[in-house]
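One-based numbering, in listed order, for ligands and for the atoms of each.
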Amino acid sequence: VKHDLAAAVLAGDVRVLARALTLVENASAEVRLGADDAGADVAALQAAVAPRLGRAHRVGVTGPPGAGKSTLVSALISVWRKAARRVGVLAVDPSSPFTGGALLGDRVRMTQHLGDAGVFVRSLAARGAAGGLAAAAEDMADLLDAAGFDPVVLETVGVGQGELEVAGAADTTVLVLAPGGGDDIQALKAGVLEAADVVVVNQADRAGADRLEAALKAAFELRQTGMGGVRQAPPCLATVATTGVGVEALAATIDARAAGGPAAFQARRVARAARRVRAAVERRLHREFWGSREAELARLAGEVASGRLSAGEAVRGLVGAERVSEGGR
Ligand SMILES: Nc1nc2c(ncn2[C@@H]2O[C@H](COP(=O)(O)OP(=O)(O)OP(=O)(O)O)[C@@H](O)[C@H]2O)c(=O)[nH]1
Ligand SMILES: [Mg+2]
């Protein structure tokens with residue numbers, strides 16, 4: 001049965017894909033909540049699709065609430081559909097405890113593509129568990145990739161730490177800003193501008209768009225001189241998502257990043273895979289280590305608190321004497 005599931009996903013059966021996405025999302029949430037690694041069925045599904053991964057260009061779209069991300073993604077989809085590309089969208093909302101609910105539905109606004117079999121939209125939310133949303137998004141993006149969608153868009157609301165992590169799950173990160181609303185670039189968290197491969201000033205029809213664009217250019221120039229010009233400033237484009245102005249150019253800019261084939265993203269994908277495997281190993285070791293030592297920790301903590309033991313001695317009691325690092329003195 002599980003084999004059929006993988007086969008149907010690979011064949012692009014969207015009903016089965018929806019079911020597989022739910023399986024993977026649930027497994028990911030369970031892992032986050034402390035369960036053992038994803039169940040055998042999910043592990044088998046992931047192993048079965050693994051050889052088919054890496055064909056999709058994963059495009060992260062991030063930016064402050066209301067900047068026009070969903071409208072812009074919808075407009076981009078129209079451009080990609082004209083080129084007969086099948087587009088997958090994952091709408092990620094780190095602040096929402098709901099999944100697939102009306103709230104997120106409202107935020108996604110891609111109804112114009114409802115009924116188009118070449119567009120698959122799915123939402124996921126934090127579900128009360130901190131962190132790990134990026135991992136779930138990555139697992140789900142894998143399925144869309146395996147099912148033949150390309151590009152796979154990851155839209156995240158907001159520009160905080162969680163969104164940056166989700167951006168890290170993409171090959172290309174598009175930062176969408178809009179004039180006004182107090183969302184000037186001074187208010188952006190550190191690292192947000194640096195994470196952008198493409199910057200969009202959307203709502204270019206509104207007052208202040210020119211000023212925002214100028215401020216962005218200045219910020220990137222400053223950064224370049226400050227960092228000795230190590231990283232080139234990302235392309236900065238103006239769009240009006242509601243009318244489609246600038247959207248073809250944006251699609252072309254995004255597509256150009258994938259022009260070199262999968263090799264273009266190889267370094268990033270290797271880094272991502274390393275992060276992913278490292279996180280899974282850490283989860284496993286953490287669980288294995290503490291699983292049998294909670295009582296001992298409680299005993300040692302009592303000793304430390306009452307001054308009979310130093311914290312360092314307690315550590316040595318748990319993991320043994322400090323090891324001399326390899327090649328150390
Ligand atoms: N004037 C103007 N309005 C726009 C433009 N793009 C989007 N809007 C409007 O801005 C509002 C927010 O658009 P969304 O696409 O929902 O923005 P979002 O960034 O996805 O919002 P969240 O998902 O809530 O973070 C909607 O009313 C859009 O119609 C634009 O280029 N110009
Ligand atoms: Mg939105």
For the side chain of Arg122 and the backbone of Ala91, is there at least one donor-acceptor N/O pair under 3.5 Å apart? no
CA sep, side-chain torsions, deciding dist, call: Thr239, Asn202, side chain to side chain donor-acceptor pair (under 3.5 Å): CA-CA 5 Å; Thr239 59; Asn202 186 44; 2.8 Å; yes
Looking only at N/O atoms, are Ala67 and ligand 1 under 3.5 Å apart anywhere? yes
Before accepting this row, confirm whether a basic side-chain N of the pair Arg85/Asp255 lies closer than 4.0 Å to the acidic partner's carboxylate O. yes
Would Arg206 count as a polar contact of ligand 1, with the cut-off being nitrogen or oxygen pairs under 3.5 Å? no
From Ser123 atom OG to Glu25 atom CD, the distance as rounded to the nearest 0.5 Å: 8.0 Å
Go through the steps to decide whether Val59 and Asp171 satisfy the test side chain to side chain contact (heavy atoms under 4.5 Å, CB included), and finish with yes or no. CA-CA 6 Å; Val59 181; Asp171 300 314; over 6 Å; no
Please determine if Ala204 has a nitrogen or oxygen closer than 3.5 Å to a nitrogen or oxygen of ligand 1. no
Using a plain distance cutoff, I'd like to know if Gly66 has any nitrogen or oxygen under 3.5 Å from a nitrogen or oxygen of ligand 1. yes
Where ligand 1 meets Glu155 - atom numbers and elements under 4.0 angstrom, heavy-atom basis: 20 (O), 23 (O)
Report the member of Val201, Leu72, Val200, Thr242 with the shortest heavy-atom distance to atom 4 (C) of ligand 1. Thr242
Check this for me: does any side-chain nitrogen of one of Lys217 and Glu221 sit under 4.0 Å from a carboxylate oxygen of the other? no
Counting heavy atoms only, which of Asn202, Thr71, Thr156 is nearest atom 28 (C) of ligand 1? Thr71
I'd like to know: is the Mg ion (ligand 2) within the 2.8 Å range of an N/O/S atom from Ser70, strictly under that distance? yes
Just by modelled atom types, is the Gly66 backbone N or O under 3.5 Å from a matching donor or acceptor in the Gln203 side chain? yes
Part of Asp205 within contact of ligand 1 (heavy atoms, under 4.0 Å): side chain
Taking 4.0 angstrom as the limit and counting only heavy atoms of Pro65, give me the atoms of ligand 1 inside it, by number and element. 25 (O)
With the threshold set at 4.0 Å, does a side-chain nitrogen-carboxylate oxygen contact exist between Arg86 and Asp150? no
Can you name the N/O/S atom of Glu155 that is nearest the Mg ion (ligand 2)? OE2
